[in-house]
Asks: 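Structure below; questions to follow.
Sequence lines set the chain letters: A, B, ... in the order given, protein chains first and strands last, and positions in each chain run from 1.
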2 protein chains.
Amino acid sequence: MTKGPQFEPVQPVRAYQRIVEQVEDALARGDLAPGQRLPSERELVAQFAVSRSTVREALRVLESNGVVRSRPGDPNGPEILPFSSFALRKQMTRLARVDELTLSELIGFRMIMDGAAIQVASRLRTPEELDDLEATLVAMRDAIDVDFAAFSEADLAFHELIARISRNSLIQTCNEVVRGVVLGLIADKIAHAPNSRALMLESLHHHAEVVDAIRAGDGHAAARIARQNMFDYYAGYVPDSEQETLRALIDD
Amino acid sequence: MTKGPQFEPVQPVRAYQRIVEQVEDALARGDLAPGQRLPSERELVAQFAVSRSTVREALRVLESNGVVRSRPGDPNGPEILPFSSFALRKQMTRLARVDELTLSELIGFRMIMDGAAIQVASRLRTPEELDDLEATLVAMRDAIDVDFAAFSEADLAFHELIARISRNSLIQTCNEVVRGVVLGLIADKIAHAPNSRALMLESLHHHAEVVDAIRAGDGHAAARIARQNMFDYYAGYVPDSEQETLRALIDD
DNA sequence: TGCGCCGACTGGTCTGACCAGTGGACTAGG
DNA sequence: CCTAGTCCACTGGTCAGACCAGTCGGCGCA
């Protein structure tokens with residue numbers, strides 16, 4: 001069953017999709033540049049030989065990708081947006097291709113990001129924020145008795161708080177995003193692991209150690225424990241061949 | 001001119017946009033869950049009291065955001081996609097809202113990310129990759145004599161290489177993306193700065209120091225120099241009040 | 001010369017139609 | 001009774017043509 005050629009599901013290519021591709025390709029080739037204008041919708045209808053509805057659906061996709069912007073009444077036609085916006089979207093799309101990322105890359109990224117956030121947070125945290133961290137530890141403890149989903153939510157709250165303390169919403173977003181992806185991939189396996197409760201308790205214990213280190217102002221130690229914890233927690237789901245790469249990340 | 005209330009350009013809200021918002025809000029509230037189905041297009045026409053074209057334009061946006069997927073002939077209607085895909089896109093969109101991010105957040109993120117990548121790279125790098133790094137230094141040196149754009153490209157190549165050496169494409173993507181955004185915001189100012197050439201030479205010098213530290217296997221030093229360099233390079237464009245936050249990131 | 005008006009456009013929306021698929025209900029055959 | 005085949009209501013994809021409010025450039029008037 002796992003042998004033999006792997007066929008991919010074939011799905012019909014929609015006309016509006018091919019329009020989107022043509023425009024984005026032109027942009028990638030440089031035939032189209034930011035600041036330039038696309039022909040008017042009616043002109044595009046003629047060029048692509050499709051109906052205006054189809055052209056407009058394609059424009060909606062391009063717009064949602066941050067490639068173009070239409071303005072009613074503008075005789076110049078849809079505007080090609082400047083680099084930052086287009087490139088960002090384009091890159092993000094690449095990032096969003098979860099299936100092209102290995103689990104170990106995702107986990108490695110989390111180890112690095114989370115470690116960095118904790119290190120920064122251990123310097124910037126106020127006494128009140130330290131109290132908040134303690135509070136999330138209690139919440140995690142309580143959640144263990146409920147179920148894995150509850151624990152996972154409490155864990156999320158912990159990492160959100162860390163990211164917030166690090167005073168950088170980008171860190172926060174990145175961490176949340178990648179965390180969501182990783183969990184989406186393996187949450188079931190963890191939840192149904194026979195030693196699920198033990199895993200949660202151990203994770204809680206490590207989190208408490210992290211908070212202790214933060215309180216002591218030892219960012220290095222805090223980050224290291226956090227990375228170690230993440231390794232222990234997730235590495236089991238990574239192929240053996242890739243575990244070494246992750247293990248190398250624990251120490252800094 | 002810089003005083004007084006700042007008004008934002010007002011633009012009409014399109015009907016399809018409000019449909020997109022309603023669906024995404026419903027998803028965020030939990031009224032709609034992954035795996036569930038949206039009503040058929042003709043049903044949505046009735047519910048939203050718009051034409052089918054409008055519904056379809058909204059669906060194209062939702063589809064491009066990874067929220068739903070339509071399949072021709074499927075009597076169940078468009079499918080709400082599972083968490084990982086939706087959440088990822090959603091978060092990424094949030095991330096992509098450059099205007100909501102401060103420049104200092106972006107730069108701080110780069111300092112942290114790039115520092116982490118360099119630290120990892122200094123451990124994982126092979127002798128060949130070290131040679132490649134040296135080569136990019138030469139390229140940077142040559143590019144200075146051309147113009148800022150050329151230097152910027154050579155600098156990009158350097159950071160791409162660092163990210164690749166760190167064996168994590170996510171780091172690579174993140175770094176590239178944020179770098180692109182930052183440059184999009186201030187590249188002009190740097191390029192036209194009176195001391196532009198001096199800045200480039202200094203940056204090159206720091207890069208060389210980074211490579212030296214990597215060769216010596218001192219990840220901490222390499223990362224610290226890189227963060228310092230980024231601070232020197234960019235901090236001038238950040239409001240004074242936020243510079244301290246960035247400066248705090250230099251040491252780890 | 002300067003101003004305001006006008007008209008040829010634009011994008012946003014609507015109506016109504018056709019087509020190739022899909023999948024559930026129904027039916028004929030085992 | 002269950003299975004296999006047919007059928008049909010319905011889906012999404014696409015098309016053609018229409019109207020409207022808004023934009024902008026040029027023309028003509030003061």
Asks: Once rounded to the nearest 0.5 Å, what's the spacing between atom CG of B:Asn229 and atom CG of B:Asp155?
Replies: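 So the CG of B:Asn229 and the CG of B:Asp155 are separated by 8.5 Å.
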
Asks: For B:Arg37, which contact category applies under a 4.0 Å heavy-atom criterion: base, sugar-phosphate, or nothing?
Replies: nothing

Asks: Working note: A:Arg179 + A:Ser152, criterion side chain to side chain contact (heavy atoms under 4.5 Å, CB included); need CA distance, chi angles, decisive distance, verdict.
Replies: CA-CA 10 Å; A:Arg179 180 181 183 283; A:Ser152 182; 3.5 Å; yes

Asks: Charged N to carboxylate O under 4.0 angstrom, A:Glu63 versus A:Arg60?
Replies: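 A:Arg60 and A:Glu63: salt-bridged.
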
Asks: Measuring from atom CD of B:Gln22 to atom CG of B:Asp31, what distance do you get when rounded to the nearest 0.5 angstrom?
Replies: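 Those atoms lie 11.0 Å apart.
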
Asks: Tell me if a side-chain donor or acceptor on A:Arg167 pairs with a main-chain N or O of A:Ile165 at a distance below 3.5 Å.
Replies: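 Checked: pair present.
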
Asks: Atom CZ of A:Arg14 and atom C1' of C:dG21: how far apart are they, to the nearest Å?
Replies: 12 Å

Asks: Under 4.0 Å from OP1 or OP2 of C:dG12: is there any side-chain N or O of A:Arg56 that close?
Replies: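 So the side-chain polar atoms of A:Arg56 do come within 4.0 Å of the phosphate oxygens OP1 or OP2 of C:dG12, strictly under.
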
Asks: How many whole angstroms separate atom CG of B:Asp74 from atom C1' of C:dG24?
Replies: 12 Å

Asks: Considering only side-chain heavy atoms of A:Arg52, which listed nucleotide, C:dC18, C:dT10, C:dT13, is closest?
Replies: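 Of the candidates, C:dT13 comes closest.
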
Asks: When the distance from CG of A:Leu59 to P of C:dT13 is rounded to whole Å, what number comes out?
Replies: 13 Å

Asks: By the 4.0 Å heavy-atom rule, please label A:Arg69 as base, sugar-phosphate, or nothing.
Replies: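 No contact at all - A:Arg69 keeps every heavy atom at 4.0 Å or more from the nucleic acid.
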
Asks: Contact class for A:Ser53 vs. all strands (heavy atom < 4.0 Å): base, sugar-phosphate, or nothing?
Replies: base

Asks: If each of A:Ala49 and B:Ser70 is mapped to the nucleotide of DNA chain D with the nearest heavy atom, which maps nearer the 5' terminus, i.e. the 5' end?
Replies: B:Ser70

Asks: Using a strict threshold of under 4.0 Å (side-chain N to carboxylate O), is an ion pair present between A:Arg71 and A:Glu79?
Replies: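 Answer for the salt bridge query: no.
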
Asks: Check every nucleotide of DNA chain D for an atom under 4.0 Å from a heavy-atom of chain A, then give the first and the last such nucleotide from 5' to 3'.
Replies: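 Nucleotide range with atoms under 4.0 Å of chain A: D:dG13 to D:dC24.
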
Asks: Tell me if a side-chain donor or acceptor on B:Glu41 pairs with a main-chain N or O of B:Arg56 at a distance below 3.5 Å.
Replies: no

Asks: Please tell me which of A:Val45 and B:Asn76 maps to the more 5' nucleotide of DNA chain D, matching each residue to the nucleotide holding its nearest heavy atom.
Replies: B:Asn76

Asks: Could you tell me whether A:Arg71 contacts a base, only the sugar-phosphate backbone, or nothing, with contacts defined as non-hydrogen atoms closer than 4.0 Å?
Replies: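 Contact class for A:Arg71: sugar-phosphate only.
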
Asks: Atom CD of A:Glu43 to atom P of C:dA8: distance rounded to whole Å?
Replies: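 So the two atoms are 19 Å apart, to the nearest Å.
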
Asks: What is the distance, to the nearest angstrom, from the CZ atom on B:Arg42 to the P atom on C:dC14?
Replies: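 Interatomic distance, CZ of B:Arg42 to P of C:dC14: 16 Å.
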
